[in-house]
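Model, not experiment: these values are computed from the prediction.
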Amino acid sequence: MTSLRLLFAGSPEVAVPSLDALLRSEHEVAGVLTRTDSPQGRRRVMTPTLVAARAEEAGVSVIRANRLDSAAASAIDDLGVDLGVIVAYGGLVPATVLTIPRLGWINLHFSLLPQWRGAAPVQRAIMAGDTVSGATVFQLVEQLDAGDIFATMTEPIGAQQTAGSLLQQLSFSGATLLANVVDSLADGSAHAVPQTGEVTVAPKLALDDGRIDWSAPAQAVHNRIRGVTPEPGASTSIGGSRLKVLEAAIARDTATLAPGHFDCVGKRVLVGTATDPLELLRVHPEGRKAMDAAAWWRGLNSESEVVAS
């Protein structure tokens with residue numbers, strides 16, 4: 001098998017397993033493209049992306065760029081790579097840069113394309129109630145997530161699984177899929193096929209996507225909570241204060257409650273929806289630490305009815 005000279009483009013934690021898989025391979029990671037350092041934490045300390053930190057630990061040169069302008073394109077060109085490999089880089093690759101590597105670019109995307117093209121495929125899949133997700137490696141083209149497909153793999157979505165846990169799971173299984181495609185491109189056995197089927201889109205989540213609508217059916221509410229966890233987080237308002245819901249479950253064995261109305265049955269904190277109530281398991285009250293829902297309820301000391309607004 002011919003060894004390829006690679007440029008890896010990625011930024012967040014979910015891209016690190018793919019970088020590690022390529023660093024372990026027979027190929028050479030000649031450079032890493034990632035987003036610029038950003039202020040993190042309460043003290044707003046300038047911090048490199050997790051991909052940048054891993055690349056520097058491995059002794060790989062890093063190109064930091066949020067936009068692939070002429071300077072970034074020149075730096076990429078200077079590396080003389082055969083193939084660009086992208087996983088959650090967080091920026092568009094223009095046509096002028098797509099043509100720099102001899103074999104173009106391939107992209108690992110965490111959905112079964114053409115379903116959920118866009119920035120938040122796992123989150124949108126869970127919010128929509130999908131029971132199966134997966135990953136796709138495809139040829140990067142100018143149109144968003146529309147290139148021919150080299151390989152796919154599927155993963156079931158657990159009934160209680162959050163977007164965060166599913167993304168972590170897919171980041172490892174997807175890394176193996178990606179490394180296999182790179183090998184097939186190196187030995188000439190790779191074959192890509194056009195995307196077929198219904199196209200759905202997965203735009204980036206906003207804070208408002210996490211607002212819970214208790215008037216929706218229980219399953220839809222639960223799907224939304226799981227889909228926006230950990231970011232931007234599911235929340236509701238209690239007495240003018242924000243309450244983040246970290247974990248919940250559908251309570252099919254209890255009496256119904258009016259949508260948004262809270263009750264405590266035994267040690268179970270329940271909230272009404274359009275159908276079955278939801279049981280809150282873990283919450284994060286505004287200005288306090290995350291805690292069990294029962295502990296939060298005990299601390300309310302409220303003699304009046306508790307209703308979300």
Side-chain angles (χ1 to χ4, degrees), residues 10-21 40 49-51 53-54 87-90 107-113 115-137 145 152-179 200 202-207 209-212 216 218-236 243-252 269 271 273 278-285 289-294 296:
S11 297
E13 183 179 6
V14 294
V16 174
S18 289
L19 174 58
D20 282 339
Q40 301 291 325
T49 68
L50 291 177
V51 164
R54 179 68 186 96
V87 184
Y89 160 58
N107 192 156
L108 171 63
H109 186 73
F110 298 116
S111 84
L112 299 173
L113 291 174
Q115 297 174 29
W116 306 120
R117 294 179 179 176
V122 169
Q123 296 90 331
R124 297 289 180 183
I126 291 177
M127 290 164 68
D130 291 1
T131 57
V132 177
S133 184
T136 303
V137 179
D145 299 335
T152 62
M153 49 81 58
T154 60
E155 293 275 8
I157 301 175
Q160 286 290 116
Q161 196 161 30
T162 65
S165 66
L166 181 56
L167 262 173
Q168 183 181 43
Q169 182 179 320
L170 289 172
S171 73
F172 287 95
S173 52
T176 300
L177 185 76
L178 179 69
T200 52
K204 183 178 179 180
L205 296 182
L207 187 62
D209 286 306
R211 194 177 306 278
I212 299 171
Q219 189 64 64
V221 176
H222 192 224
N223 292 344
R224 179 166 295 270
I225 291 170
R226 295 186 301 122
V228 300
T229 300
E231 293 295 339
S235 67
T236 192
L243 178 73
K244 290 186 74 172
V245 177
L246 305 180
E247 187 180 354
I250 299 176
R252 304 188 191 278
V269 179
V271 192
T273 74
L278 248 63
E279 179 182 357
L280 303 190
L281 302 174
R282 296 265 312 158
V283 297
H284 191 171
K289 293 182 178 180
M291 62 183 70
D292 290 341
W296 165 75

Under the 3.5 angstrom rule, does the side chain of [X] hit a backbone N or O of [Y] as a donor-acceptor pair?
| X | Y | result |
| --- | --- | --- |
| Ser133 | Glu155 | no |
| Ser11 | Tyr89 | yes |
| Gln169 | Gly164 | no |
| Arg224 | Ile212 | no |
| Thr152 | Thr136 | no |

TODO: Please say whether more than 12 non-hydrogen atoms of neighbouring residues, nucleotides or ligands are located less than 6.0 Å from CZ in Arg282.
DONE: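 Above 12, so yes.
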
Task: Heavy atoms from other residues, nucleotides or ligands near CD of Gln161 exceed 12 (cutoff 6.0 Å) - done: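 Counting other residues, nucleotides and ligands, CD of Gln161 exceeds 12 neighbours.
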
Just verifying a value: how many Å separate [X] [atom1] and [Y] [atom2], rounded to the nearest 0.5 Å?
| X | Y | atom1 | atom2 | result |
| --- | --- | --- | --- | --- |
| Lys204 | Gln123 | NZ | CD | 11.0 Å |
| Ile157 | Thr162 | CD1 | OG1 | 11.0 Å |
| Leu178 | Ser173 | CG | OG | 11.5 Å |
| Asp145 | Gln115 | CG | CD | 13.0 Å |

Closest non-hydrogen atom pair, [X] against [Y]:
| X | Y | answer |
| --- | --- | --- |
| Leu50 | Pro12 | CB-C, 4.5 Å |
| Leu280 | Ala248 | CD2-CB, 4.2 Å |
| Gly233 | Lys244 | CA-CE, 4.0 Å |
| Leu205 | Ala120 | CG-CB, 4.2 Å |
| Trp116 | Ser111 | O-OG, 3.5 Å |
| Val14 | Ser171 | O-CB, 3.3 Å |

Task: side-chain contact (heavy atoms from CB on, under 4.5 Å), paired with Arg226, selected from Asn223, Thr229, Val228 - done: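 Testing each of Asn223, Thr229, Val228 against Arg226, the sole residue satisfying side-chain contact (heavy atoms from CB on, under 4.5 Å) is Asn223.
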
